[in-house]
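Report on the following structure.
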Amino acid sequence: MGSLMYNSIIDSHIHLDVYKKVDRKNIIDEMEKYHIEQLITVSMNLASAIINLSLSRNNPRVNAAFGFHPEQPLPREQELDALCLLIKEYHHEMIAIGEVGLPYYRQRENPKLELEPYIEILEHFILESKRYDKPIVLHAIYEHAPIVCDLLEKHTIEKAHFHWYKGDKRTTERLIQNGYDVSITPDVLYDKEIQQLVKDTPIDHMMLETDGPWKYKGAFLDKMTHPKMIHWSIAKIAEIKNLHIEDIYAQIYRNTKEFYCLD
């Protein structure tokens, strides 16, 4: 891929704990080289949250969010209680609640999957975000997004980050009206649906992410997902929006810093 200008960026959604240790070290070691100022590393479950807490303690540029990813079997009550205790004890070290949401892909594979228990867990985490005055990072796409919006509105949540969001234009408008943010992944380079989302979303409600180590296609085929990919995402967004790339860098950087209260 061609060379790009490098201004400061923040990866607003990465699973740093899921990477192999050598890859994780390389990412952290290369942050300065690629002007990656901060990483928001989200958790899959209790074990994931413990690792992310450790990673954040070892590097001030790594910020941990605690949550339970919905695309997996429901947690046992004991695990959920332990995760909530972790949040209670270390909420001052936690940047957000996440990743939480509803199991769209799991339900698509199993249409008989009961959604209500996942909704109950999500509502619990929404209340945790409100209790500790933390943003919430959401896995909520297509027809699940309005359900999640209902819950956020019910509890008057102001800071909601819909990561790798996909949905109809009406729901997108609802998110924006509520002041919520969406984050764009590197598939903006080749995915028409994500490109349309960029067209429909004001730049001041946009962040950027990799969702690494999730892998991408196109120019990123067979490449390890690295936060530096965000630079190419920014170039594509500038093209789609017909705006100067410097303005895209500055606005999205500002959005993310303010949303997550990053120093």
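Being a predicted model, the structure only gives us computed values, none of them experimental.
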Could you check, using the six-membered ring where one of them is a Trp, whether H139 and Y104 have ring centers closer than 6.0 angstrom?
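Ring centroids of H139 and Y104 are no less than 6.0 Å from each other.
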Answer yes or no: is there a donor N or O on one side and an acceptor on the other, between the side chain of [X] and the main chain of [Y], under 3.5 Å?
X: K241; Y: V198; value: yes
X: Y216; Y: K223; value: no
X: T225; Y: W214; value: yes
X: N255; Y: I203; value: yes

Would you call [X] and [Y] a side-chain contact if the rule is heavy atoms closer than 4.5 Å?
X: L175; Y: H205; value: no
X: Y19; Y: M224; value: yes
X: H13; Y: E99; value: yes
X: W164; Y: I194; value: yes
X: I27; Y: H226; value: yes

Can you see which heavy atom on [X] is nearest to which on [Y], and at what distance?
X: E71; Y: P103; value: OE2-C, 3.3 Å
X: S129; Y: P135; value: CB-O, 4.4 Å
X: S183; Y: E209; value: OG-OE2, 2.6 Å
X: N178; Y: E153; value: ND2-OE2, 2.8 Å

Take a 6.0 Å sphere around [atom1] of [X] and say whether it holds more than 12 heavy atoms from other residues, nucleotides or ligands.
X: E116; atom1: CD; value: yes
X: Q78; atom1: CD; value: no
X: N110; atom1: CG; value: yes
X: E158; atom1: CD; value: no
X: E120; atom1: CD; value: yes
X: K215; atom1: NZ; value: yes
X: E193; atom1: CD; value: yes

Could you point out which residue of L102, I147, V100 forms a side chain to side chain contact (heavy atoms under 4.5 Å, CB included) with Y118?
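The residue from L102, I147, V100 that satisfies side chain to side chain contact (heavy atoms under 4.5 Å, CB included) with Y118 turns out to be L102.
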Does F259 sit in a hydrophobic cluster with other residues, and if so which ones, taking ILVMFWY side chains as linked at heavy-atom separations under 4.5 Å, directly or through other members?
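Members besides F259, by chain and number: I10, I40, V42, I95, V137, M207, Y253, Y260, L262.
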Step-by-step side-chain contact (heavy atoms from CB on, under 4.5 Å) determination, I9 to Y34:
CA-CA 9 Å; I9 58 171; Y34 292 109; 5.9 Å; no
ILVMFWY network linking L55 to M44, side-chain heavy atoms under 4.5 angstrom
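No, L55 and M44 fall in different hydrophobic clusters.
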Between [X] and [Y], does any side-chain donor sit less than 3.5 Å from a side-chain acceptor?
X: Q38; Y: N63; result: yes
X: T172; Y: D200; result: no
X: Q251; Y: D247; result: no

Please evaluate residues D191 and T185 with respect to the criterion side-chain contact (heavy atoms from CB on, under 4.5 Å), reporting the C-alpha separation (whole Å), side-chain torsions for both, the decisive distance (0.1 Å), and the verdict.
CA-CA 10 Å; D191 188 303; T185 52; over 6 Å; no
Angle between ring planes, Y165 versus F162, binned at 30° and 60°: parallel, tilted or perpendicular?
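It falls in the perpendicular class, over 60°.
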Quick test of your reading: applying salt bridge (Lys or Arg N to Asp or Glu O under 4.0 Å), list the pairs with at least one residue in residues 18-29, sequence neighbours left out, ordered by first then second residue.
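Residue pairs passing salt bridge (Lys or Arg N to Asp or Glu O under 4.0 Å), neighbours aside: K25-D29.
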Do the charged groups of R61 and D11 touch, with an N to O distance under 4.0 Å?
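Answer for the salt bridge query: no.
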Less than 4.0 Å between a side-chain N and a carboxylate O, is that true for E173 and R170?
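Looking at R170 and E173, the cut-off is not met.
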From CA spacing to verdict: side-chain contact (heavy atoms from CB on, under 4.5 Å), V62, L16
CA-CA 9 Å; V62 175; L16 197 59; 4.0 Å; yes
Under the salt bridge (Lys or Arg N to Asp or Glu O under 4.0 Å) rule, collect the residues that match up with E93, sequence neighbours excluded.
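So E93 forms a salt bridge (Lys or Arg N to Asp or Glu O under 4.0 Å) with R57.
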To the nearest 0.5 Å, how far apart are CD1 in I126 and CD1 in I136?
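So the CD1 of I126 and the CD1 of I136 are separated by 5.0 Å.
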Using the salt bridge (charged side-chain N to carboxylate O under 4.0 Å, His left out) rule, take R174 and D168 through it: C-alpha gap first, then chi angles, then the decisive distance, then the call.
CA-CA 10 Å; R174 182 180 179 187; D168 59 65; over 6 Å; no
Check against side-chain contact (heavy atoms from CB on, under 4.5 Å), K228 and K33:
CA-CA 9 Å; K228 66 183 179 182; K33 176 182 178 181; over 6 Å; no
